[in-house]
Student: 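Here you go, one structure.
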Amino acid sequence: MQKIPDLGKNTVGKPDPWGKFRGLAWWQLVLSVAPIVLLPIGGAIGGAVGAAGLFTNLSLARKQFGTPVKVLAMLGVVFASYLGYLLIAALLYNLIKG
């Protein structure tokens, strides 16, 4: 008898696009996705800074730190992302407007 394929799984050689998010606690997911909110706010610049913050927080979430250290580090990345966006936007605004 032929086995029915499981459609929920990826085929061999095809990466899982959601694999980096699987297995994380809810607070790790929230803190990881928080920097990408810059995308609708800041367009391409906000999206680039937010994506960098997202991937940084995803890597921090997988590290073997204690929970309080991990929370503080991930919050620091979120605040650094927003501050970095504001600094880049202000610099570009001053360069364009003179």
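The first residue of the sequence shown is numbered 1, and numbering continues consecutively from there.
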Student: Do any side-chain atoms of residues 82-98 form donor-acceptor pairs under 3.5 angstrom with protein atoms, and if so which ones, sequence neighbours left out?
Tutor:
unit_1	atom_1	unit_2	atom_2	d
Tyr82	OH	Ala34	O	2.9
Asn94	ND2	Ala90	O	3.4

Student: Restricting to non-hydrogen atoms, name the atom on Val78 and the atom on Leu31 that form the minimum distance, rounded to 0.1 Å.
Tutor: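 Closest approach of Val78 to Leu31, heavy atoms only: CG2-O, 3.6 Å.
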Student: Among pairs that include at least one residue of residues 20-44, which meet salt bridge (Lys or Arg N to Asp or Glu O under 4.0 Å), considering only residues two or more places apart or in two chains?
Tutor: Asp16-Arg22
Student: By the salt bridge (Lys or Arg N to Asp or Glu O under 4.0 Å) test, which pairs, at least two apart or in different chains, include something from residues 39-68?
Tutor: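 Counting only pairs at least two positions apart or across chains, no salt bridge (Lys or Arg N to Asp or Glu O under 4.0 Å) contact touches residues 39-68.
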Student: According to salt bridge (Lys or Arg N to Asp or Glu O under 4.0 Å), does anything in residues 42-58 pair up with another residue at least two apart or in another chain? List the pairs.
Tutor: none
Student: For Gly53 and Pro35, work out which heavy atoms get closest and say how close.
Tutor: C-CG, 3.8 Å
Student: With side-chain hydrogen bond (donor to acceptor under 3.5 Å, both in side chains) as the rule and sequence neighbours excluded, what pairs involving residues 39-60 come up?
Tutor: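 Counting only pairs at least two positions apart or across chains, no side-chain hydrogen bond (donor to acceptor under 3.5 Å, both in side chains) contact touches residues 39-60.
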Student: Sequence neighbours left out, what pairs pass salt bridge (Lys or Arg N to Asp or Glu O under 4.0 Å) with at least one residue falling in residues 25-37?
Tutor: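 Applying salt bridge (Lys or Arg N to Asp or Glu O under 4.0 Å) to every pair that reaches into residues 25-37, excluding sequence neighbours, yields nothing.
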Student: With a 4.5 Å cut-off on side-chain heavy-atom distances among I, L, V, M, F, W and Y, is there a chain of contacts connecting Phe79 to Val71?
Tutor: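 Phe79 and Val71: one cluster.
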Student: Hydrophobic side-chain clustering at under 4.5 Å (ILVMFWY, transitive links): who's grouped with Leu39? Put none if nobody.
Tutor: none
Student: Hey, what else clusters with Phe55 if you join Ile, Leu, Val, Met, Phe, Trp, Tyr whenever side-chain heavy atoms sit under 4.5 Å?
Tutor: Trp18, Phe21, Leu24, Leu29, Val33, Ile36, Leu54, Leu58
Student: Could you work out, with side chain to side chain contact (heavy atoms under 4.5 Å, CB included) as the rule, every residue matching Ala25, not counting sequence neighbours?
Tutor: Trp27, Gln28
Student: Is there a chain of hydrophobic side chains (I, L, V, M, F, W, Y, each step under 4.5 Å between heavy atoms) that links Leu75 to Val77?
Tutor: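 Shared cluster, yes.
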